[in-house]
Amino acid sequence: MTPEQLSDVVRSAVAAAVERGTLAVAVPDAVVIDRPKNPEHGDYATNIAMRLAKPAGRPPREVAEAVAAELRAAEGVAGVEIAGPGFLNIRLAKDALGRVAVQTVTAGEAYGRTDVLAGQRLNLEFVSANPTGPVHIGGTRWAAVGDALGRLLTASGAEVSREYYFNDAGSQIDRFATSLMAAANDRPVPEDGYAGAYIGEIAAQVVAAEPGLLELPDAEQQERFRVRGVELMFAEIKRSLAGFGVVFDTYFSEKTLHDSGALEKAVARLREQGHVYETDGAVWLRTTDFADDKDRVLVKSDGEPTYFAADCAYYLDKRERGFDKVVIMLGADHTGYVGRYKALVAAMGDDPATNLEILIGQLVNLVRNGEPVRMSKRAGTVVNLEDLVDAIGADAARYALARASVDQQIDLDLDAWTRKTNDNPVFYVQYAHARIASLLRGAADLGLPLGEAADVDTALLETQRESDLLRAIAEFPQVVSSAAELRAPHRVARYLEELAGTYHRFYDACRVLPRGDEEATPLTTARLWLCAATATVLANGLTVLGVSAPERM
RNA sequence: GCGCCCGUAGCUCAGUGGACAGAGCAGGUGCCUUCUAAGCACUUGGUCGCAGGUUCGAUCCCUGCCGGGCGCGCCA
């Protein structure tokens, strides 16, 4: 029995008490089930009696008595104790807990999937780095977290589309093109231009692809460098992301919004809604009507639309494509956009609370030998996605970036994440998986297959270490769904570390395979199922994070 | 000045209103002739930044302070 199943059982017990007349209260929608740290507090515990005490108008312990009386009769429940201020400590029947191992192995890759977010259509935008250079470390954090979040949301039943918005219009791209042209013609890096070795490399590729390019007038050259340069740079970005295991459903070009008249359409819609005015020759959106700090310019006095105007058009486009909710992940240096983005959604006539979600990720600092790695865009010492992968590998990079809460700044220590020791959590978790894989290979060599689910006596799994492991495994679906709902992939990583530790402790205490001349027993089989179940959860969890689950290490 | 994030063990960090606040690392003591020691056991270590408030109950919610990070363009 998993906590979710137990939650339903407890809820039914409350309903039964109400039915019987021993409790007068509205039956709650959901019952919270805890996994107590203290084994004396049973397999699971619930605070439902304390929650219902006030609405029932009775002391928590009396409510607890009424619920416990019903709960004791429930299938799979071996014992119920009332403790402390009114906790219900529940002990499951041995087999009710043990069957979790069978359920897990049987479900395989599907174990952990739920439908809690079924029916939601989400557009998940992340990375969205401009094709003027490689994906920097901040974008890399979002590549890891965003992709993991996408997998989590999908696992929880949501319909998710990953989207990468790229700016291929405007002055930043112009500066990129100018920088390429300067590099190709051996001219100095222009004012506000881009430096770094990649500029020279891209410039050379453009020249190679376009014979006679350097003989053309500057204006024509510039255009060719822009088009080809963006193309090449973007291919480079896609390649590095793919190497990181991140692929998007849609790569959305800002330029297409300009070319299709979508900006004018968006401005017209905002004007219809009555939120647009003109001052000093510019067109403004009155975002202050929607709690923004100041109004925002849509069209500059020189007639050029702003980036914000494109944001408006882009938001409208996403909504017209049928997404209920637009989720955007930004770095902490973009915190200032939240207010104006909410305002634009409201000005469009939508509800920012339901149609928009902006997730802010704090900055990443790199550390080597305890010293901060100095980063300078001008000096070309920016650490980007590929540098990080080269330094510590894709698995460690993804895990390191995904295991921290996005609200927390991270100091990513390049040495710690390459160490093959216990202070490297990704190895700790992967090692547990490889260790089980090795054990299962050993079982196969001994001619000990798992066999049929019906033939396993999981009630034999009765030691503390075994039931600890079963409870940890049972928790996984809830970890996934709550991590999805809270937009917190790091919870999965932390859970996996705990699960790995629980497994290592089990392994240390419980011999699985027969030694020497010993014969396999029913307990051998039960423990093999438990090991296989653990491996399934470790693999499913690592997959959610985009990290491999190695068979050997 | 205003907005967002952070402040929890010596260090790096978990902790969706519940029971004595947790993990890894670092320090100390042990455990490998048989399933991966990249492991495990025991042990040292806390005014959860400070002060109020809400609650049966607060590390968590609210208010105010203190300290650190980031941001506040007719840039993109």
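Note that the structure is a prediction, hence the values are computed from the model and not measured. Side chains are part of it too, since the values below use all heavy atoms of this structure and drop only hydrogens, waters and symmetry mates. Letters A, B, ... mirror the listed sequences (proteins, then strands); counts begin at 1.
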No-H, no-angle donor-acceptor pair, A:Thr306 side chain to B:C74 base, under 3.5 Å:
no
Nearest heavy atom decides the nucleotide; on that basis, is A:Glu497 or A:Ala282 closer to the 5' end of RNA chain B?
A:Glu497
Rounded to whole Å, please give me the gap between CD in A:Gln362 and C1' in B:C4.
8 Å
With the side chain defined as heavy atoms from C-beta on, A:Asp508 is closest, among B:C40, B:G15, B:G69, to B:C40
Winner on side-chain proximity to A:Asn89, out of B:G7, B:U16, B:A19, is B:A19
Hey, can you tell me if A:Phe290 and A:His275 have their rings parallel, tilted or perpendicular (30° and 60° cut-offs)?
perpendicular
I want to check one thing: is the phosphate of B:C40, taken as OP1 and OP2, less than 4.0 Å away from some side-chain N or O of A:Tyr428?
yes
For the pair A:Phe176 and A:Tyr194, name the ring-plane relationship: parallel under 30°, tilted 30 to 60°, perpendicular over 60°.
perpendicular
Which nucleotide in the list B:C20, B:C40, B:C74 gets nearest to the side chain of A:Trp284?
B:C74
May I ask whether A:Tyr507 stacks on the base of B:C40, given the cut-offs of 5.5 Å between ring centres and 30° between planes?
no
Donor-acceptor pair between A:Gln172 and A:Asn130 side chains, under 3.5 angstrom:
yes
Could you check whether A:Gln430 and A:Asp395, counting side-chain N and O atoms only, form a donor-acceptor pair closer than 3.5 Å?
yes
Among the candidates B:C75, B:A37, B:G15, find the nucleotide nearest to the side-chain atoms of A:Arg435.
B:A37
Please measure how far the P atom in B:C48 lies from the corresponding atom in B:C42, and state the result in whole Å.
26 Å
In whole Å, measure the gap between the C1' atoms of B:G17 and B:C5 for me.
22 Å
Is there a side-chain polar atom (N or O) of A:Ser438 under 4.0 Å from OP1 or OP2 of B:U36?
yes
With nearest nucleotide decided by heavy atoms, which residue, A:Asp293 or A:Ala432, maps closer to the 5′ end of RNA chain B?
A:Ala432
How would you label the glycosidic angle of B:C48: syn (within 90° of 0) or anti?
anti
Phosphate oxygens OP1/OP2 of B:A41: is one of them under 4.0 Å from a side-chain N or O of A:His504?
no
Could you pull out all residues at least two apart from A:Tyr307 that satisfy ring-ring contact (aromatic ring centres under 6.0 Å, His included)?
none
Do A:Gln408 and A:Ser405 have a side chain donor and acceptor closer than 3.5 Å?
no
Using heavy atoms and a sub-4.0 Å distance, could you list which residues of residues 42-61 of chain A are near RNA chain B? By number, please.
A:Ala45, A:Asn47, A:Met50, A:Arg51, A:Lys54
Looking only at the side chain of A:His41 (C-beta and beyond, no hydrogens), which of the listed nucleotides B:C20, B:U36, B:C70 gets closest?
B:C20
Examine B:U16: is either OP1 or OP2 under 4.0 Å from a nitrogen or oxygen in the side chain of A:Gln478? Give yes or no.
no
Among B:U34, B:G39, B:G18, which is the nearest nucleotide to the side chain of A:Tyr431?
B:G39
Which helical stems does RNA chain B take part in, if a stem means at least 3 consecutive Watson-Crick or G-U pairs with both distances below 3.5 Å?
B:1-7 with B:66-72, B:10-13 with B:22-25, B:27-31 with B:39-43, B:49-53 with B:61-65
Mind checking A:Arg491 for me? I need base, sugar-phosphate or nothing, with any heavy atom below 4.0 Å counting as a touch.
base
Is there a side-chain contact between A:Lys294 and the phosphate of B:C2, meaning an N or O under 4.0 Å from OP1 or OP2?
no
A:Arg465 side chain: which of B:C13, B:U36, B:A41 is closest?
B:A41
No-H, no-angle donor-acceptor pair, A:Arg515 side chain to B:U34 base, under 3.5 Å
yes
Just checking A:Arg403: base, sugar-phosphate only, or nothing, at a heavy-atom cut-off of under 4.0 Å?
nothing
Residues A:Tyr44 and A:Asn89: side-chain donor-acceptor under 3.5 angstrom:
no
Nearest-nucleotide pick for A:Gln409, side chain only, options being B:G18, B:A14, B:G69
B:G69
Nucleotide of B:U36, B:U16, B:C70 approaching A:Leu486 most closely (side-chain heavy atoms):
B:U16
With a 4.0 Å limit, can you tell me whether A:Arg505 has a side-chain N or O closer than that to the phosphate oxygens OP1/OP2 of B:A41?
yes
If you only use heavy atoms from C-beta on, which nucleotide in B:U36, B:C75, B:U16 is closest to the side chain of A:Ser171?
B:C75
